[in-house]
Each structure stands twice: as structure tokens, then as C-alpha cells.
Student: 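Okay, here's the structure, questions in a sec.
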Amino acid sequence: MKLFIDTADVKEIREAAAMGLLDGVTTNPSLVAATGRDMRSVLQEICSIVDGPVSGEVLATTYKEIMDEAHDLAAIAPNIVVKVPLIEDGLRAVKTLTGEGIKTNVTLCFSPIQAVLAAKAGATYISPFVGRLDDVGHEGMELVAQIVEAYANYGYKTEVLVASVRSPLHVLETIRIGAHVATLPFKVIHQLIKHPLTDVGLARFLADAAKIPAAKKS
Ligand code: G3P
């Protein structure tokens with residue numbers, strides 16, 4: 001499974017990259033707005049830190065404007081993936097962009113049928129938003145399982161990128177279902193590493209190690 005970080009905060013991205021576990025980055029307009037910086041400079045800096053795919057989202061909602069913005073974003077760096085909303089003009093743009101060899105991430109997916117349409121358009125990634133479904137009383141991870149099943153039925157190559165992840169349980173389910181990617185907030189990356197029994201065990205080993213007599217010098 002590939003691990004992406006879901007943030008536009010370059011400090012978090014540098015720290016996650018230093019852990020050696022980071023395969024890519026996803027951003028969205030809300031995350032970029034939180035940095036107080038402009039979209040282009042943030043994406044440029046992220047691409048200078050990470051070699052893997054970096055998703056930058058278009059703000060337009062009509063075909064021609066989406067295409068113009070997509071070309072501007074794709075020109076930032078070779079590892080930019082253009083993130084496009086799952087709307088009619090968005091899918092049309094994904095089809096054209098795929099034909100041009102530009103990678104796409106279709107975002108705001110809330111149904112398996114939407115996911116199949118994105119795959120038919122040639123999307124590189126589909127982003128089901130699991131946390132936002134959980135928020136309204138639907139099983140977000142059930143959607144991921146349905147998409148993985150649907151893609152396997154037809155042999156679609158689109159990668160399932162689990163987004164709107166809120167906890168390690170979402171990551172565990174991602175692994176069990178076999179989705180290709182999970183994109184995680186910085187906080188969840190840390191939560192994955194921590195286990196109280198690891199901390200207790202390490203403290204005990206270190207306490208016992210202090211009792212080990214030093215070797216005699218020969
Ligand atoms: O990047 C899209 C997605 O991960 C957003 O997550 O927590 O705002 O629902 P969230």
C-alpha cells in the first residue's frame with residue numbers, strides 16, 4: 001500500500017518525508033487556504049520536497065476553464081497530478097487530460113458508480129471520501145470495498161486512493177481491502193506508529209539495560 005500525506009503544510013511534508021515512508025502528497029483548496037499562501041508557490045515547494053505524485057486541485061467547474069487550469073498546474077512539475085471534481089465537465093476534462101498523458105485524481109467521490117465513471121474517463125486515481133461518509137452515518141470503507149470490487153470486475157487500472165481518512169482504523173481497513181493508496185493527515189501518520197505497549201516495553205528494556213554491568217577492559 002502506498003502512503004500519501006494529505007496536507008499543504010510544507011513543514012509537515014518535510015517531516016513525513018524524512019521518515020522515509022512517504023509515497024506522495026494530496027492537497028485540496030481548503031488545505032492550501034489554511035497555509036495562507038498561493039496555490040502555485042505551495043505546489044512548487046511541495047514538488048521540490050517529494051518525488052512522488054503531488055495532487056493539486058483545479059478550482060474551475062466548467063470544461064474549458066478546468067482544462068486551462070489543469071495545463072497550468074501540470075506545468076509546475078512533472079510529478080503534479082491534476083485533481084478534478086467528480087462532475088460532468090470534470091469527467092470530460094479527465095478524458096482529455098488522460099489522452100494528453102496528464103495524470104488525474106478524481107475527487108469528491110461518494111458512490112461506486114461515480115468511481116466507475118471516473119475509471120472509464122481514464123482517471124489515474126479515484127478519491128472516495130470515507131470520513132465524510134462516516135460523518136453522515138454511512139460506512140465510508142464500505143464504499144472503498146465496493147469500488148475495489150467493481151474495478152476488479154472490469155480490470156480498470158485506476159488506483160483507489162482512500163481520502164478523508166480520520167483514524168488508524170481507516171488505514172487498517174484500507175490494507176485489508178487492498179486499496180492502492182491511503183492519504184493521511186499528519187496526525188494519523190503519527191498515530192500509526194505509536195503503540196502504548198511499544199512505549200512500555202521500550203521503557204522496561206532501557207531500565208533493565210541500565211543494570212547490565214559494563215564489560216571489563218582487557
Ligand atoms: O483531500 C481530500 C480529503 O482527504 C479531505 O479530508 O478530512 O476534509 O474530509 P476531510
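Both ligands and their constituent atoms are indexed starting at 1 by order of listing. Here the structure is a predicted model, which means the values were calculated and not measured.
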Student: Are any of the N or O atoms of Thr27 closer than 3.5 Å to those of ligand 1?
Tutor: no
Student: In terms of atom number and element, which parts of ligand 1 are under 4.0 angstrom from non-hydrogen atoms of Ala163?
Tutor: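 It comes down to these atoms of ligand 1: 4 (O).
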Student: Would one find an N or O of Thr183, backbone or side chain, under 3.5 Å from an N or O of ligand 1?
Tutor: no
Student: Parallel, tilted or perpendicular: which describes the rings of Phe186 and His190, with under 30° parallel and over 60° perpendicular?
Tutor: perpendicular
Student: If only side-chain N and O atoms count, and only distance matters, is there a donor-acceptor pair under 3.5 Å linking Thr96 with Tyr63?
Tutor: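 Tyr63 vs Thr96: donor-acceptor pair found between side chains.
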Student: To check your reading of the model: name the closest protein heavy atom to atom 6 (O) of ligand 1, its residue, and the distance in Å.
Tutor: Ser164 CA, 3.3 Å
Student: Can you tell me the protein heavy atom closest to atom 8 (O) of ligand 1 and the distance?
Tutor: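 So the nearest neighbour among protein heavy atoms is Arg132 NH2, 2.8 Å.
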Student: Answer yes or no: are there more than 12 heavy-atom neighbours, outside Leu172 itself, under 6.0 Å from its atom CG?
Tutor: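 Yes, enclosed.
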Student: Check for a donor-acceptor pair, side chain of Thr107 on one end and backbone N or O of Val84 on the other, with a separation under 3.5 Å.
Tutor: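 Such a contact is absent between Thr107 side chain and Val84 backbone.
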Student: Please confirm whether the backbone N or O of Ala123 pairs with a side-chain atom of Thr158, one donor and one acceptor, at under 3.5 Å?
Tutor: yes
Student: Do Leu184 and Leu3 come within less than 4.5 Å of each other through their side chains, counting heavy atoms only?
Tutor: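 When only atoms from C-beta onward are counted, Leu3 and Leu184 do touch, with a gap below 4.5 Å.
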Student: Check ligand 1 against Arg166 and write out every atom of the ligand that is under 4.0 Å from a heavy-atom position of the residue.
Tutor: 7 (O), 9 (O), 10 (P)
Student: Quick one, His170 and Asp134 - any side-chain contact, counting heavy atoms below 4.5 Å?
Tutor: yes
Student: Nearest to atom 4 (O) of ligand 1, what protein heavy atom do you find, and at what distance?
Tutor: Asp6 OD2, 2.5 Å
Student: Would you kindly specify which portion of Lys83 sits under 4.0 Å from ligand 1, judged on non-hydrogen atoms: side chain, backbone, both or neither?
Tutor: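 Only the side chain of Lys83 comes within reach of ligand 1.
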Student: Has ligand 1 got any nitrogen or oxygen that is less than 3.5 angstrom from a nitrogen or oxygen of Asn28?
Tutor: yes
